Peer 1: 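Pasting in a structure now, in structure tokens, and then I'll have a few things to ask.
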Amino acid sequence: MLNQDHTQLDHEKYLSTSFANVRDGQYLRPQDTAKLLKELVWHCFELSRMTFGWMPPLEDYQLKIKLGRFGYLHAMHAKHLSKRIGELPGKIGAGDRTPQALRELYERGSLAPDAAAFFYSYAFLVRIFYDRVEELSQRLDDVLDAPTADILELLLMKKQEFLTTANQQYQFIPSKDEQQQQVFQEWKLYMSNLWAAYSTQHAWPPAPNIEPAGPVPPEGKLDPRFPHYSHKPEQYKKAYSDPAMSPLQESVKQMHYINATEMSAAESLGYLYYAVQNMPLAFYFDLARHLWDETRHFEMGVRRLLQLGYSLDQFQFFKSGPGKEVEESWYADMYASLTMIAEPCSFIKKRKASEAFWEFGDTLSAIHCEFDMVDERMHVDFGKRWGPELFKTLKNDMITAQKLSERARLIRLEYLDVPEEERQNIAKSFPAFCGFSTVDLNYSQY
Ligand SMILES: [Fe+2]
Ligand SMILES: [Fe+2]
């Protein structure tokens with residue numbers, strides 16, 4: 001083993017090799033470290049996919065928030081690692097992807113029959129990942145590899161939080177009901193078979209004969225505490241125009257309700273994150289941040305409504321997901337309409353709402369809007385940066401950011417039944433377009 005040139009190791013084969021077999025007892029060369037870190041990047045990336053992909057099938061909104069946070073953290077870990085790899089010989093190229101076997105391990109492990117089984121899979125894979133991190137940490141020299149060691153330490157800070165949260169979701173469930181207990185035991189066995197097949201490069205084991213509940217089901221679930229807005233009368237096509245949705249329609253506090261509906265935006269981005277292949281890692285890093293921000297906006301909206309004495313059953317909320325099998329273009333259009341219509345159009349509302357909240361002496365609500373604007377500005381930039389590239393990838397179609405935004409506006413105006421001859425003109429003027437697309441708030445009423 002010692003005279004083997006490890007810089008030539010086949011990456012795919014390497015992934016099933018234990019750290020202990022590589023240059024045992026020797027200093028790692030920079031290119032060795034880069035290779036070992038690459039494996040960790042793909043683990044982090046797949047962990048972020050599985051967590052985002054499982055937000056829609058969950059019911060408990062607190063757990064959805066947790067997964068939005070965890071998916072972001074896994075993506076940030078991948079970002080830190082890939083930055084370090086870039087400093088070493090062996091950067092991750094724009095065309096590099098998760099090695100197929102590793103991706104399948106995660107995808108198969110994510111097809112869980114229920115939330116408890118999913119969290120078991122998640123904890124199982126998180127543990128495998130952190131075993132790798134710890135093995136690598138022990139191989140590093142504290143002078144030569146200090147910058148790498150610092151990053152691994154950063155990753156390790158979150159280990160317990162991931163594992164404790166996951167563990168709480170299945171720790172006592174198996175004893176509750178016999179059938180679920182059986183399903184759970186079967187799933188546990190399946191996970192260890194899956195891992196054995198991966199690490200010995202054997203054929204994948206057959207999956208248990210139970211319908212998977214996730215990831216990314218055609219339609220996301222709403223927490224039962226959140227009434228569903230299912231009826232969409234023809235006259236209320238403009239966003240948030242139906243008075244049945246919220247008792248705050250005549251108040252500036254409607255802003256909090258709008259925020260509280262943003263879980264559906266977060267989860268829609270989760271569908272995109274899970275489904276779209278062949279985009280560079282930098283896209284997923286931005287998308288992860290975007291997704292988590294929408295999760296935060298949701299959390300801040302819900303928290304404020306409750307603080308102000310409202311209850312969730314006074315409002316109606318949206319589900320996420322396409323609702324059916326969709327063409328790839330659904331993802332590109334959804335991303336364009338979010339970053340080029342909903343988000344830029346929301347600025348005016350947020351600025352005016354913030355000013356009104358300051359006037360009414362509601363400091364916290366005013367600061368909500370200020371943070372919201374900071375985040376949204378970044379999301380609009382993400383859209384300009386990635387929208388055209390996403391279009392090219394998913395629709396096999398070249399388009400400029402300018403054209404894409406115009407196209408998104410025309411689609412929206414068509415949905416709003418604006419006569420064809422007027423659409424072009426309205427789409428050209430941004431403020432006029434936003435006036436058409438959304439209803440304004442009543443800023444003079446608290
Ligand atoms: Fe938002
Ligand atoms: Fe946003």
Side-chain angles (χ1 to χ4, degrees), residues 52 55-56 61 64-69 71-72 75-76 220 222 226 229 238-240 245-246 248 252-273 276 283-305 315 317-321 331-354 357 364-387 390 401 404-405 408-409 412 430 433-434 437-441:
F52 286 149
M55 290 167 74
Y61 83 91
K64 286 176 186 279
I65 292 172
K66 283 251 187 239
L67 286 193
R69 167 85 178 143
Y72 165 74
M76 280 313 94
L222 263 181
F226 289 64
Y229 180 64
K238 275 190 192 183
Y240 302 104
M245 298 168 105
S246 152
L248 292 173
V252 65
K253 288 182 283 182
Q254 174 81 346
M255 200 64 239
H256 298 313
Y257 162 65
I258 294 174
N259 283 140
T261 61
E262 289 189 58
M263 181 51 81
S264 73
E267 290 185 359
S268 296
L269 294 175
Y271 282 88
L272 176 66
Y273 196 96
V276 66
F283 163 76
Y284 298 96
F285 298 157
D286 286 348
L287 186 57
R289 172 62 201 267
H290 191 169
L291 200 167
W292 178 53
D293 283 346
E294 302 311 344
T295 311
R296 285 168 51 235
H297 298 165
F298 162 77
E299 190 177 10
M300 100 191 170
V302 171
R303 185 181 66 173
R304 195 77 187 120
L305 287 178
F315 302 90
F317 300 86
F318 316 113
K319 286 183 178 175
S320 66
Y331 299 96
D333 288 334
M334 179 270 291
Y335 188 70
S337 87
L338 183 66
T339 58
M340 293 173 177
I341 295 179
E343 293 180 320
C345 281
S346 72
F347 277 128
I348 313 151
K349 249 189 235 167
K350 282 165 191 168
R351 202 192 59 243
K352 287 189 190 164
S354 158
F357 281 129
L364 179 54
S365 295
I367 294 173
H368 270 207
C369 298
E370 290 175 352
F371 272 108
D372 201 351
M373 281 190 280
V374 170
D375 295 336
E376 293 307 340
R377 196 158 289 132
M378 187 165 46
H379 303 165
V380 172
D381 286 342
F382 289 162
K384 282 190 198 134
R385 183 170 174 206
W386 297 115
L390 199 59
L404 182 56
S405 127
R409 287 183 207 169
R412 176 80 183 139
F430 189 64
F433 167 75
C434 288
S437 182
T438 67
V439 280
D440 219 356
L441 306 184

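Computed over heavy atoms, backbone and side chain alike; hydrogens, waters and symmetry mates excluded. Owing to the predicted nature of the structure, the values given are computational and were not obtained by experimental measurement. Atoms within each ligand, like the ligands themselves, are counted from 1 in listed order.
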Peer 1: Does some side-chain heavy atom of Phe318 sit less than 4.5 Å from a side-chain heavy atom of Met245?
Peer 2: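 Yes - at least one pair of side-chain heavy atoms lies under 4.5 Å apart.
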Peer 1: Just jot down the ring pair (Phe, Tyr, Trp, His ring centres under 6.0 Å) partners of Phe357, sequence neighbours excluded, or say none.
Peer 2: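 Residues passing ring pair (Phe, Tyr, Trp, His ring centres under 6.0 Å) with Phe357: His256.
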Peer 1: Pull up every protein N/O/S atom sitting under 2.8 Å from the Fe ion (ligand 2), skipping waters.
Peer 2: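 As for protein N, O or S atoms lying under 2.8 Å from the Fe ion (ligand 2), they are Glu294 OE2, Glu343 OE2, Glu376 OE1, Glu376 OE2, His379 ND1.
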Peer 1: With sequence neighbours left out, write down each residue that passes ring pair (Phe, Tyr, Trp, His ring centres under 6.0 Å) with Phe382, or none if nothing qualifies.
Peer 2: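 Not a single residue meets the ring pair (Phe, Tyr, Trp, His ring centres under 6.0 Å) criterion with Phe382.
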Peer 1: Look up atom CG in Leu269 and atom OH in Tyr335, then write down how far apart they are to the nearest 0.5 Å.
Peer 2: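 Nearest 0.5 Å value for the CG-OH distance: 7.5 Å.
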Peer 1: Heavy atoms only: give me the nearest Arg69-Trp292 pair and the separation to one decimal.
Peer 2: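 Heavy atoms of Arg69 and Trp292 come nearest at NH1-CZ2, 3.1 Å.
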Peer 1: Can you list every salt bridge (Lys or Arg N to Asp or Glu O under 4.0 Å) pair that touches residues 284-296, not counting sequence neighbours?
Peer 2: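 Residue pairs passing salt bridge (Lys or Arg N to Asp or Glu O under 4.0 Å), neighbours aside: Asp286-Arg385, Arg289-Asp293, Arg289-Asp375, Asp293-Arg296, Arg296-Asp375.
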